[in-house]
Structures are given as C-alpha cells and as structure tokens.
Protein chains: 2
Amino acid sequence: MTALPSIDRSPAPSSGASEKALRVLDAALRESRFTDIVQASGLAKATVHRLLQVLVEQEYIAGDAESGYRAGPNLLSLAGRALASVDISQIAQPVVDRLVAEVDCTIHVGVASETEMVYVIRKDASKPYSMRSRVGLAIPMHSTGMGKVVLAYWPPEKVAELIDRVGLPVRTDTTITDPDALARELASVRARGYALDMGENEVGTVCVSAPIRDHTGAVTHGLSISSIALEHPGTSIEMFAPQALAAADEISRLLGAPEL
Amino acid sequence: MTALPSIDRSPAPSSGASEKALRVLDAALRESRFTDIVQASGLAKATVHRLLQVLVEQEYIAGDAESGYRAGPNLLSLAGRALASVDISQIAQPVVDRLVAEVDCTIHVGVASETEMVYVIRKDASKPYSMRSRVGLAIPMHSTGMGKVVLAYWPPEKVAELIDRVGLPVRTDTTITDPDALARELASVRARGYALDMGENEVGTVCVSAPIRDHTGAVTHGLSISSIALEHPGTSIEMFAPQALAAADEISRLLGAPEL
DNA sequence: TTTCGTGTTCCGAGTGGCGGAACACGGGTT
DNA sequence: AACCCGTGTTCCGCCACTCGGAACACGAAA
C-alpha cells in the first residue's frame, strides 16, 4: 500500500560545505527564483539561503530574491578565464590514446576554421600506414569525413557561402562536387550522427568521423578514425562508428558541452 | 623591537568553507602547480589540498599534481551557462552589432564589480586591431573610459573608498593618479554625459564611453568605442560620442531603465 | 479572515573543517 | 653516500562552523 517511505532524489549525499556551495552555484545558474534553486539543488532551504548569501557577498552570484538571481561579475570573470584556457589537444589526448589502443587505426582530431579543417591531434596505430597528414595541416571540408561532420551542423546558408567562396574542388574521382549531392550527404550525416569518407579526399584512404561539441553545444571540432581501404575484405570502416561517437562524446563532455 | 605579532597578508579573513572553496577554484584557474595555487589563494597548504580534492572529485577542476590543474568539465559547462545567461549580452548584442557596422571600431560592453570593470561583450571592427582584451577580462576603473563613466555616477564616498582600497595604479604616463584630478575628471564626465580615455590605460588606445543603466536606474554597465590613437589626423575619437550615447541609452531602455 | 506560497531568521547539536606539523619522495649538490 | 631542499601528502585533536527543522514575516489570492 504505502509507497517508498522516503525517496532520496538528491544525486549524492554531499556532506561538505564546499560541495554544497558548488551545488547551489550550479543551481542558481539554472533557476533564478529562490525556491526553484532550493528545488534544483536538493538541499535544505535554510542551507541554500545561507550559501546563496555567501555567493552574493563574494559576487559570484548577482541579484536578490525579488529580482531573481543570475551570474555575478566574479563568476563571469572566472568563466571567461576558464573558457579561455581550454586547450583541446591537452584535453583530448588521453581519450585519443585510449581509442587508438582500442581500434588500432590512425586517429585525427581537427578544429574548424572558416573554410577548412586543421588537424590538432594525430595519433598513429601500432602499424602506421604512411598517411600524408600532420598536426597543423589544413584539409578541405567537403571531401573529408571530419569536414563533412562539421558542415552537417552548419546552417545551410553558411555552407552555400563556403561553396561560393572556395567551391568544391576535386580530390579523387569520388569527391562530391555537386552542391545538391553535398546537401543530401550532409542530411544523411545528421541522420546517422557520424560521417563516412570512402576515399573522397585521398585514394585508398577511408574514415569514420564524429562531431565534437564545445561548451555552447556548437560542433567546432571533429574526430576521425582512418584506415586504408579494404584492409580486411568484407569489413568496413563503418564498424568503428560507435567507438568514434563514444570518444567524440567523451571529449565533448570534457569540454563542458551541455547535456549529452 | 617586537615586530607585528601576526601579519594577516590574506586579502580577507574568509572564514567559511564555501568562500575558501571559491578562493581555491579561482586560484586554480590562475596557477596550475599545487604550490602556486596555495600561494595564490593565501590559504593553508593542507586546506588547499583538501578543497582541491573536492573540486577535482566534483569535476570542477581537472588534472592532478604532476600534470597540473586546469578547468574541469563541470566548470566549463557552468562557465558556458553563466556567460550565456548574462542577459545584458543577449540584449545588447544586436545593438552592438549595429553600432560596429556604423562606426567600424572595436566595441566593448562591461559590467561594474566592486573594484573593477569586467568585459561582457567584445565586438571587433572589420579591420581588427590586436587589442588585448577578451570577455571576462577585469580592468581598472580609474584608467579606462568605461570605468570612469561608471565612477562618475557613484557617490563620492564610494569613490573615496575605492581609492582607499586599491589606490590609483599607474598604467601609462597619462593615467590619472591624483584623487582630486580624478574628482574633476568625473565631474566633467557627468557634465558631458560620456567619458574619454586618451591612452590612460594602454598607450596608443583611445575610447569614448557611455553609461548603461539597469532596471533600477543605476549605472552598472558601460559601453565603449575604441580605436588606436590618431588613426586619422585631425579627427578625434570624441566624434563618436553621440553614437556611443545612443547605443548605451538603447541598451538601458531594453534593460527596462526608468525614463529615458 | 483564512490560506497559501513566498523568503527570512533562529538556535541547539555535533560534525566536519581547520591547519600546524610530521611525513614521503625525488632531484640536485657536496 | 649523505645531505638538502622543494615538492606534494597525510595525520589528528580542537573547536568553530555548518546543518536544517521549525518558527516567523510578508504579501497575494481565495
């Protein structure tokens, strides 16, 4: 009859003032009304009240009960420094190291610039094929898995503008050179969640690529697992898609990407 | 003979675990080595050690003693939300966009904290000069146009208190360092309605700055139009004062400032 | 008037924070 | 080898601080 006597819905016991303070800080940025902050933090009302006073006093939180709470100057300053100090290659390196041990293929991580992708990490498998890539190398967006995965999350007009500026240069005989074909390809990338490159940039080289999101949720980076074509007949590079997605999501999380 | 019995070199007494945790969090983003964090925070070594463990455990700080500490996923996520939730930036952004198209200079919008200004918006002109500023950067009040425009609307005793606390540090050889001179300058800012900075904060950089009022009518933000000195001989940055005032008033209005 | 939902304050109990001090460890110097 | 010095880590007893239930204050709605 009676249901569970008391449901402890709070995520963690969280004894310790510092933890609670962080919890309140976090909650105060999600909600602005006092009662909602209490709710979101899962702490006692009086506790939240006291900690909130400290945070306001320290100017990490601004506002008051009647006008609502929001981020304060010191938090903004802190936030600016935190985000400015983010170094992808440092953060992603351990994830890439684990991934390369798992799939034994060459891994790349790249950042999107205006018109192309630039490699920021390259990690070879135990038996490196001679791939003509290196950190700092710029590659086209339309003819690589990593580029397509970024383009897939660009607004269509930005893609159109890119085509307008640099065109769709041919790299191999499978390179996509038609804007409409590219649009269809990008739609399927969005649908799958990852991109494939079946020798469109370099003959004999294939890859699966997954999107990396930054703290705003924007796809600014890509991760790819590369191999030479038809290494094992009957298998496809696509079988590594789950691993690529998992690694990319992990890096996104480390970068502070919202939700999953 | 007897020296001072105990020198409290720490900026504030700071009793309370939450305050200390914030102090450590802040320090950890400035320094990466454990000992430097201890130094920067002004707290006891053991205390920093324990709080740092909590922060790492909560994923607000990443890294460890040997590889150095840096911002962790949860802090980045928090930082992203904090900066994104600053309603002033959302509200002011379109106004700033229009303004930059109009005057083709770098525009800043900043918020006042107790002792300094913190940039919340930076928007470059089409030909960006390399300005050493970024969102989240804290700048002095007495040596910047944006700071002076805010100080001008502070009660004199608050200004005196500020001088008392942080002084009037020299930034360039035109920086105002005399309290009386500052008082005269602030009076003329009030009279004109805008402030000028003729290289008082950074040599070769000039700006006009106008006050932004929040919903209570208090001047809590400033907007500035910056340029490099003597870009066009015979012209002055002051000629942009009307535009700065118009844009600042527009933002004030959007924030719900009383009367115009 | 009563009720509800806010936000605020109080205060006793006891626990978790505090930080000096001692320890561990590694890389230099003699 | 013996020493030192600068790292980071752990220990532990005292007591200040946190904790949170409960009571309170206030305004708006019923």
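Proteins come first, then strands; the chains are lettered A, B, ... in the order of their sequence lines, and each starts at number 1.
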- Item | Polar side chain donor-acceptor pair, B/Ser77 to A/His215, under 3.5 angstrom | no
- Message: Between B/Thr47 and C/dC18, is there a contact of a side-chain N or O with OP1 or OP2 at under 4.0 Å?
- Response: no
- Let me know the distance between CG of A/Leu22 and C1' of D/dT18, rounded to the nearest Å. 16 Å
- Between C1' of C/dG16 and CG of B/Leu51, the distance in whole Å: 12 Å
- Distance-only polar pair, side chains of A/Gln39 and A/Glu31, donor-acceptor under 3.5 Å: no
- Task: For A/Ala44 and for B/Tyr69, find the nucleotide of DNA chain D with the closest heavy atom, then tell me which residue's nucleotide is more 5'.
- Result: B/Tyr69
- Task: Using whole Å, report how far CG of A/Leu52 lies from P of D/dT18.
- Result: 15 Å
- Query: Whole-Å distance between D/dA16 P and B/Lys20 NZ?
  - Reply: 13 Å
- Task: Ignoring hydrogens and angles, state whether a donor on the side chain of B/His142 or B/Thr175 is under 3.5 Å from an acceptor on the partner side chain.
- Result: no
- Query: So, does A/Arg122 use its side chain to make a donor-acceptor pair with the main chain of A/Ile107 at under 3.5 Å?
  - Reply: no
- Message: At less than 4.0 Å, is any side-chain N or O atom of A/Arg50 found next to OP1 or OP2 of D/dC19? Yes or no.
- Response: yes
Using the 3.5 Å cut-off, write out each protein N or O paired with an N or O of nucleotides 4-8 of chain D and the distance between them.
residue: D/dT7; atom: OP1; partner: B/Arg33; partner atom: NH2; Å: 3.4
residue: D/dG8; atom: OP2; partner: B/Thr35; partner atom: N; Å: 3.0
residue: D/dG8; atom: OP2; partner: B/Thr35; partner atom: OG1; Å: 2.2
residue: D/dG8; atom: O6; partner: B/Lys45; partner atom: NZ; Å: 3.2

- Considering only D/dT10, C/dC10, C/dC18, which nucleotide approaches the side chain of B/Gln53 most closely? D/dT10
- List in chain and number order the residues that pass side-chain hydrogen bond (donor to acceptor under 3.5 Å, both in side chains) with B/Tyr60, two or more places apart in sequence or in another chain; answer none if no residue qualifies. none
- Qualifying salt bridge (Lys or Arg N to Asp or Glu O under 4.0 Å) pairs, either residue in residues 74-102 of chain A, two or more places apart: A/Arg81-B/Asp26, A/Asp97-A/Lys123, A/Arg98-A/Glu250
